[in-house]
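In what follows, a single structure is set out as structure tokens and then discussed.
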Protein chains: 2
Amino acid sequence: MCKADKRKKTTMADLARLTGVSVMTVSRALKPNGSTSAETRRRILEAAENLGYLVDRSAVSLATQRSGFVAVVTPRSPEALFQDIRNGLCDGLLAAGVEPLLSPPHDCPAQEETLVVAALSRRPEAIVLAGGPHTPRCSRLLEQANIPVVEIFNLPKQPIGHAIGFCEHNAGRRMARYLTKEGYRRIGFLGGDPSWDPCGGALRGGFLDELRHRGVSDLLVQGWPRPTMEMASAAKATRILLRRDPDIDAIMCVSDKAAYAALQVCEQRGLQAPCDVAIASFGNTELAAHSTPGLTSLDIGACSIGARAADVVVRSLKDGQFAAAPSSEEIQTKLKERGSTHGTPKPCAHTKQLLHAYMMR
Amino acid sequence: MCKADKRKKTTMADLARLTGVSVMTVSRALKPNGSTSAETRRRILEAAENLGYLVDRSAVSLATQRSGFVAVVTPRSPEALFQDIRNGLCDGLLAAGVEPLLSPPHDCPAQEETLVVAALSRRPEAIVLAGGPHTPRCSRLLEQANIPVVEIFNLPKQPIGHAIGFCEHNAGRRMARYLTKEGYRRIGFLGGDPSWDPCGGALRGGFLDELRHRGVSDLLVQGWPRPTMEMASAAKATRILLRRDPDIDAIMCVSDKAAYAALQVCEQRGLQAPCDVAIASFGNTELAAHSTPGLTSLDIGACSIGARAADVVVRSLKDGQFAAAPSSEEIQTKLKERGSTHGTPKPCAHTKQLLHAYMMR
DNA sequence: CTGAAAGCGCTAACAC
DNA sequence: GTGTTAGCGCTTTCAG
């Protein structure tokens with residue numbers, strides 16, 4: 001009844017004193033399957049509710065040697081994709097009764113290491129993180145942590161435990177193959193600085209390799225220094241690209257947002273996709289499907305990566321065998337072809353109307 | 001040197017045994033300002049590094065009664081906005097040396113309660129969460145938790161502790177006022193189901209109120225049942241709206257993504273913004289600024305909300321006085337006017353070119 | 001500079 | 001059904 005005025009939090013001892021039982025009885029009454037008389041439990045639960053008592057999970061963790069949560073450490077970039085991945089992951093874990101606890105987003109391997117140290121210090125049951133690259137110490141700590149480690153998004157060269165992801169390099173090559181087959185020859189690449197977006201860097205690497213392999217070497221690359229303001233950065237980079245090579249005929253972008261920004265800049269310049277310049281991207285988020293024209297984009301199945309990861313975590317937690325025999329699952333990126341790289345644009349209703357208005361003047 | 005083969009994690013006792021000192025010395029050696037001889041410390045740190053030792057923060061929390069982290073509990077919707085808010089918040093907290101720990105996103109107050117219980121059980125130093133609504137029990141637990149509570153995003157009717165946010169109702173009214181002043185009379189609203197998006201619901205409420213107040217009562221509302229696939233849902237809802245009232249002259253949307261989808265649908269139908277139908281939205285994210293035409297949108301300063309919240313948390317943690325005297329800061333939404341509701345569209349370069357191609361056939 | 005003792009809040013393993 | 005004892009891994013406090 002009386003509110004806790006003191007700084008001290010209420011403990012089981014308080015509940016025990018109040019209800020005239022031992023601490024152990026309180027502990028049992030608070031669990032769904034503890035053996036306590038109905039009446040005793042009722043009184044204890046009532047007292048707990050009145051005082052707003054909540055178990056101290058630090059103490060529980062210490063006593064049981066089980067923390068009951070799974071750590072999730074993801075990079076800030078690419079946000080839209082990790083958003084979906086995290087959603088799929090969290091939903092899957094919660095559905096299985098496992099609690100995910102997310103670290104703040106990181107911008108580089110060094111920061112990742114800091115966050116992984118913090119996460120491991122809380123003794124998670126398992127840890128899910130992006131495929132890297134990690135710092136050497138980070139990798140070592142993960143190996144020594146003795147818990148299931150699940151690397152997602154990009155497939156690491158040397159997985160620590162389980163891995164579910166795609167190969168960015170292959171993804172880049174794939175798109176390069178497609179664009180060259182479609183006949184594009186003066187191709188640009190738009191992406192962030194690899195120091196904060198290693199994944200985009202690898203994508204670009206694969207893209208470049210394949211282009212060279214196909215004899216398309218006159219490639220222009222334009223990047224930007226920070227992960228924020230992606231559209232504005234991409235728009236600016238596009239302008240530079242167009243200035244450097246006005247005859248550019250295709251631009252591959254590291255994300256749908258960047259691609260959308262590039263598309264707008266091109267249109268403002270009177271360049272129409274795909275006839276004047278093709279725009280392709282990576283991620284296949286909602287925006288790619290809904291923009292006009294639609295953006296040709298590489299799909300990585302972000303939601304399903306999250307769901308698969310949740311599955312692997314849950315199985316690892318249940319089954320020591322499975323946890324001990326790390327699996328590696330390569331996700332094949334799917335090239336989703338849309339109007340930004342293929343087909344001739346027809347004047348849409350909008351254009352017809354403008355045309356009409358234009359001629360009526 | 002030898003790897004930890006057993007399930008047991010290494011503890012300070014192991015390090016103490018290995019280096020021939022007491023546990024207490026190990027404890028001191030591990031802290032930056034503990035008084036230990038340089039040589040002893042060196043050996044201890046070396047052993048720790050070799051074994052991949054990391055302190056057990058459950059034990060530290062228990063012993064010191066300080067967990068050293070701040071809990072962050074946010075709703076899934078509106079994702080884009082909370083993304084920015086979380087980023088600003090996390091950056092601010094990390095910069096001040098406070099560790100944020102994020103709960104998975106929730107879809108309703110009941111789920112929020114569950115997550116808040118889990119978070120409070122870990123005894124955070126403070127908790128940051130959306131302004132609600134919360135379940136009664138959730139509010140009560142937050143009050144009894146005896147830690148700084150910071151509610152962000154929307155201003156709660158009855159703040160628990162500090163609050164930094166805007167009034168969705170006022171925001172809705174604001175946009176209604178603007179649209180009616182611009183001369184729009186047949187106005188629709190597009191949003192998600194209030195059960196999972198209470199904030200969008202309040203926005204709609206304010207919007208409706210103001211319209212009624214101004215004698216524009218013939219309002220059409222269209223929503224969707226799930227937080228996912230926002231653009232697809234909004235596109236579908238837009239089609240229904242257009243079918244129900246082909247003469248609709250403006251559509252207010254709960255998010256920029258929804259608005260963008262609506263814009264595309266309208267254009268596909270030959271309706272041009274703003275002359276045939278105006279599109280307005282909420283959030284003022286990158287997309288609103290970069291779409292063509294730009295989307296008129298209500299700006300809430302998401303990043304700064306996060307930064308301000310971090311500031312309040314840090315001050316509360318430092319200053320008991322400040323923590324005890326809850327502040328409430330109302331953020332004024334700014335109406336960012338763009339081409340989707342205002343001005344006459346000029347045929348852009350793209351159109352001119354299409355026009356040209358069209359006439360050359 | 002180092003160590004021994006006590007205890008943080010809780011639970012496992014036994015008693016009764 | 002309930003209580004007792006003994007820790008979980010660490011820090012605080014007090015002695016040296």
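Chain letters run A, B, ... following the sequence lines, proteins first and then strands; every chain starts at 1.
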Please report, to 0.1 Å, the donor-acceptor pairs under 3.5 Å made by any side chain of residues 29-41 of chain A, with sequence neighbours excluded.
| unit_1 | atom_1 | unit_2 | atom_2 | d |
| --- | --- | --- | --- | --- |
| Ser37(A) | OG | Thr40(A) | N | 3.2 |
| Ser37(A) | OG | Thr40(A) | OG1 | 2.4 |
| Glu39(A) | OE1 | Arg42(A) | NE | 3.3 |
| Glu39(A) | OE2 | Arg42(A) | NH2 | 3.4 |
| Arg41(A) | NE | Ala29(A) | O | 3.1 |
| Arg41(A) | NH2 | Arg28(A) | O | 3.4 |
| Arg41(A) | NH2 | Lys31(A) | O | 3.0 |
| Arg41(A) | NH2 | Gly34(A) | O | 3.0 |

Hey, what bend do you get for the helix from dC1(C)-dG16(D) to dC16(C)-dG1(D) if you fit axes on five pairs at each end, rounded to 10°?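 Axis angle across the helix from dC1(C)-dG16(D) to dC16(C)-dG1(D), nearest 10°: 30°.
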My understanding is that only residues two or more places apart in sequence, or in another chain, count here; which of them pass salt bridge (charged side-chain N to carboxylate O under 4.0 Å, His left out) with [X]?
X	value
Arg137(B)	Glu49(A), Glu113(B)
Arg57(A)	Glu99(A)
Arg76(A)	Asp107(A), Asp91(B)
Asp197(B)	none

ring-ring contact (aromatic ring centres under 6.0 Å, His included) partners of Phe153(B), counting only residues at least two apart: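 Expected list: Phe82(B), Phe166(B).
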Partner set under ring-ring contact (aromatic ring centres under 6.0 Å, His included) for His106(A), not counting sequence neighbours: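 Expected list: none.
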Give every residue pair that meets the side chain to side chain donor-acceptor pair (under 3.5 Å) criterion with at least one member in residues 313-328 of chain A, sequence neighbours excluded.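 Residue pairs with at least one partner in residues 313-328 of chain A: His162(A)-Ser316(A), His162(A)-Ser327(A).
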dC10(D) P sits how many Å from Leu54(B) CG, rounded?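 Rounded to whole Å, this separation is 10 Å.
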Could you tell me how far apart Ile44(A) (CD1) and dG3(D) (C1') are, to the nearest whole angstrom?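 Roughly 13 Å, once rounded to whole Å.
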Mind running a 4.0 Å heavy-atom check of residues 24-37 of chain B against DNA chain C and sending the residues that fall below it, in number order?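 Within this stretch, Met24(B), Thr25(B), Arg28(B), Ser35(B), Thr36(B), Ser37(B) sit under 4.0 Å of the strand.
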Can you tell me which residue pairs pass the ring pair (Phe, Tyr, Trp, His ring centres under 6.0 Å) test with a partner in residues 115-150 of chain A, sequence neighbours excluded?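 Output for this query is empty, none listed.
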Could you list all N or O pairs between the protein and nucleotides 7-9 of chain D that sit under 3.5 Å apart?
| unit_1 | atom_1 | unit_2 | atom_2 | d |
| --- | --- | --- | --- | --- |
| dC8(D) | O3' | Gln65(A) | NE2 | 3.3 |
| dC8(D) | O2 | Leu62(A) | O | 3.4 |
| dC8(D) | O2 | Ala63(A) | N | 3.2 |
| dG9(D) | OP1 | Gln65(A) | NE2 | 3.0 |
| dG9(D) | N2 | Ala59(B) | O | 3.4 |

Students often get this wrong, so: under 4.0 angstrom with heavy atoms, is Ser61(A) touching a base, only sugar-phosphate, or nothing?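 Touches nothing.
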Just by distance, with hydrogens left out, do Thr74(A) and Arg86(A) show a side-chain donor and acceptor under 3.5 Å apart?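 There is such a pair between these side chains.
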Assign each of Val21(B) and Val23(A) to its nearest nucleotide of DNA chain C by heavy atoms, then name whichever residue's nucleotide is nearer the 5' end.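 Looking at DNA chain C, the more 5' nearest nucleotide goes with Val21(B).
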